[in-house]
Colleague: 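Have a look at the structure that comes next, please.
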Amino acid sequence: MSSFNTSQVPIAMTIAGSDSGGGAGIQADLRTFAFHCVHGTSVLTCITAQNTQGVKRVDATPPEAVTAQFEAVMIDMRVGAIKTGMLLNQGIIKTVAKKLVAFGFGNVVVDPVMVSRAGAQLLDDDAVKTIREQLIPLAAIATPNRYEAQILADMEIHTLEDMQTSAQKIYKLGARSVLVKGGGFTNKLKGIDVWFDGDRLEVLQTEVIDTQHTHGTGCTLSAAIAANLALGKPRFQAVQDAKNYVTEALKYSLAIGQGQGPVGHFYPLLKTSIE
């Protein structure tokens, strides 16, 4: 029996909020890391009281606590990749950007959680401005949805050509690569994403899964990308593999609660139990 060196297990970090319903945020990210055999660490930015029907309350973590969590992990562990999710307010966004710069960490996936897939703005204008100016330039990969891309690129997005143009504009903000997500569309662009890294402009398409239980797909995708980066995969391959993972997880989405359920992060176990 060959021995396995557990000290070499890849490590990733999620900087995001807690979802008490378990479908998105820190909970989704850690399950996604575990699926990829990557050890997950976390920096909690806020605590939400939510379920499949919606968010009932949000409490922010003090910036000092965000700093303490980040430093505690970084000075002790060999973190291979970081993803950012819901950062909630300008103070937390500035804190996260400052610590990423201080530690010289570049393998960052920025999920600029500013606007929901339905188009509702989640952050105030000052926080959005700070993401655009301080966080996006630190991104190895930025993963905005349609509405977030509209804000970052300062343009309307209705067509595939618009998605491509917005990806190029966001790249110019300093991100090393950009994935503009089309999951929020209801037309033929649903399930189509656009990738741009300064040289390569690609249209990525996976199977569209007919399910209403899609809670946490954005968090899950960015976490899967980060996990793949921690595993040493190139950025474009990390994105492709992450998209395939989310597609499979959507096939086994969970119809739990009375509203919109989450994707099935542990779908291989679900497949086994079903079969």
Side-chain angles (χ1 to χ4, degrees), residues 6-7 9-51 55 57-89 91-114 122-123 127 131 135 138-143 215-231 238 242 245-246 249 262-263 265-266:
T6 55
S7 68
V9 171
I11 301 170
M13 174 188 286
T14 169
I15 306 176
S18 168
D19 174 357
S20 58
I26 292 282
Q27 287 81 353
D29 295 343
L30 293 178
R31 283 202 297 273
T32 301
F33 291 163
F35 171 92
H36 290 83
C37 295
V38 171
H39 175 72
T41 64
S42 61
V43 174
L44 202 61
T45 59
C46 61
I47 299 171
T48 71
Q50 66 175 290
N51 53 29
V55 178
R57 177 184 172 115
V58 181
D59 292 284
T61 303
E64 297 80 6
V66 171
T67 294
Q69 293 175 80
F70 183 90
E71 291 181 347
V73 174
M74 294 296 288
I75 64 176
D76 182 51
M77 301 183 198
R78 178 182 32 83
V79 176
I82 293 173
K83 70 143 286 186
T84 66
M86 169 56 83
L87 301 183
L88 194 63
N89 61 43
I92 293 174
I93 297 165
K94 286 184 174 181
T95 296
V96 170
K98 180 179 178 180
K99 299 315 294 184
L100 291 172
V101 171
F103 276 80
F105 198 91
N107 219 16
V108 182
V109 180
V110 175
D111 183 6
V113 181
M114 305 184 296
L122 305 173
L123 304 182
I131 286 179
L135 200 59
L138 302 178
I141 305 174
T143 63
H215 183 51
T217 49
C219 303
T220 300
L221 178 66
S222 56
I225 295 171
N228 284 314
L229 291 177
L231 290 166
Y245 166 70
V246 172
V263 302
H265 297 96
F266 45 96

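No hydrogens, no waters, no symmetry mates; every other heavy atom, side chains included, goes into these values.
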Colleague: Do side-chain atoms of Ser18 reach the backbone of Thr48 as a donor and acceptor pair under 3.5 angstrom?
Modeller: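 Judged by distance alone, no pair lies under 3.5 Å.
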
Colleague: Less than 4.5 Å apart, side chain to side chain, heavy atoms only: is that true for Glu71 and Phe103?
Modeller: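 With C-beta onward as the side chain, the pair touches.
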
Colleague: Considering only heavy atoms from C-beta outward, does the side chain of Pro112 approach that of Thr143 to under 4.5 Å?
Modeller: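 In short, these two side chains touch, coming nearer than 4.5 Å.
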
Colleague: Is there side-chain contact between Thr95 and Phe70, with at least one heavy-atom pair below 4.5 Å?
Modeller: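 When only atoms from C-beta onward are counted, Phe70 and Thr95 do not touch, as no gap falls below 4.5 Å.
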
Colleague: Kindly indicate whether the side chain of Leu229, heavy atoms from C-beta on, has any atom under 4.5 Å from the side chain of Ile141.
Modeller: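 Heavy-atom side-chain distance check passes, below 4.5 Å.
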
Colleague: Hey, are the side chains of Thr32 and Thr14 touching, using non-hydrogen atoms and a 4.5 Å cut-off?
Modeller: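 Answer no - side chains too far apart.
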
Colleague: Which heavy atom of Phe33 sits nearest a heavy atom of Ala226, and at what distance?
Modeller: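 Distance-wise, the nearest heavy atoms are CE2-CB, 4.3 Å.
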
Colleague: Roughly how far, to the nearest 0.5 Å, is NE2 of His39 from OG1 of Thr6?
Modeller: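 Between atom OG1 of Thr6 and atom NE2 of His39 there are 11.5 Å.
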
Colleague: Taking the six-membered ring for Trp, are Tyr245 and Phe35 parallel (under 30°), tilted (30 to 60°) or perpendicular (over 60°)?
Modeller: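 Judged by the thresholds at 30° and 60°, the geometry between Tyr245 and Phe35 is tilted.
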
Colleague: Rounded to the nearest 0.5 Å, what separates atom OG1 in Thr45 from atom CG in Leu88?
Modeller: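 Result: 6.5 Å between the selected atoms.
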
Colleague: Report yes if some heavy atom in the side chain of Ile26 is under 4.5 Å from a heavy atom in the side chain of Leu44; otherwise report no.
Modeller: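 The answer is yes, as the side chains (C-beta and beyond) meet within the 4.5 Å cut-off.
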
Colleague: With rounding to the nearest 0.5 Å, note down the distance linking OG1 in Thr220 to NE2 in His215.
Modeller: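 Result: 9.0 Å between the selected atoms.
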
Colleague: When you look at Asn228 and Leu231, which way does the side chain to side chain contact (heavy atoms under 4.5 Å, CB included) test go after all the steps?
Modeller: CA-CA 5 Å; Asn228 284 314; Leu231 290 166; 4.0 Å; yes

Colleague: Which heavy atom of Gly23 sits nearest a heavy atom of Pro262, and at what distance?
Modeller: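 That would be CA-CB, 3.6 Å.
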
Colleague: Just wondering, do Met86 and Leu122 contact through their side chains at under 4.5 Å, heavy atoms?
Modeller: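 Leu122 reaches Met86 side chain to side chain.
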
Colleague: Hey, does the side chain of Thr41 reach the backbone of Ala12 with a donor-acceptor pair shorter than 3.5 angstrom?
Modeller: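 At least one qualifying donor-acceptor pair exists.
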
Colleague: Roughly how far, to the nearest 0.5 Å, is the OG1 atom of Thr61 from the CG atom of Asn89?
Modeller: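 The OG1 atom of Thr61 is 9.5 Å from CG of Asn89, to the nearest 0.5 Å.
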
Colleague: Identify the two heavy atoms, one from Pro10 and one from Ala230, that lie closest to each other, and give their separation to 0.1 Å.
Modeller: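 Heavy atoms only, the tightest pair is CB-O, 3.6 Å.
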
Colleague: Testing the basics here: between Ala24 and Gly216, what is the closest heavy-atom pair and its distance to 0.1 Å?
Modeller: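 Ala24 and Gly216 have their closest heavy atoms at CB-CA, 3.7 Å.
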
Colleague: For Gly85, is there any backbone N or O sitting under 3.5 Å from a side-chain donor or acceptor partner on Asp111?
Modeller: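 Not a single qualifying donor-acceptor pair exists.
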
Colleague: When you compare the side chain of Leu135 with that of Leu100, does any pair of heavy atoms fall below 4.5 Å?
Modeller: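 Side chain of Leu100 against side chain of Leu135, heavy atoms only: contact under 4.5 Å found.
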
Colleague: Exactly one of Val66, Val110, Val43 should register a side-chain contact (heavy atoms from CB on, under 4.5 Å) with Val96. Which one does?
Modeller: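 Checked Val66, Val110, Val43 against Val96; only one passes side-chain contact (heavy atoms from CB on, under 4.5 Å): Val66.
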
Colleague: Determine whether a donor-acceptor pair (N or O, by modelled atom type, separation under 3.5 Å) exists between the side chain of Ser222 and the backbone of Lys83.
Modeller: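 No, because the side chain of Ser222 does not come within donor-acceptor range (under 3.5 Å) of the backbone of Lys83.
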
Colleague: Could you check whether any side-chain N or O of Gln69 sits under 3.5 Å from a backbone N or O of Ala65, counting only pairs where one atom can act as donor and the other as acceptor?
Modeller: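 Present.
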
Colleague: Using every non-hydrogen atom in the two residues, find where Ser7 and Arg78 come nearest and quote the distance to one decimal.
Modeller: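 Looking at all heavy atoms of both residues, the closest pair is O-NH2, 2.9 Å.
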
Colleague: Measure the spacing between OG of Ser20 and CZ of Arg57 and express it to the nearest 0.5 Å.
Modeller: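 Ser20 OG to Arg57 CZ: 12.0 Å, rounded to 0.5 Å.
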
Colleague: How far does CG of Leu123 sit from CD1 of Ile92, to the nearest 0.5 angstrom?
Modeller: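 So the CG of Leu123 and the CD1 of Ile92 are separated by 10.0 Å.
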
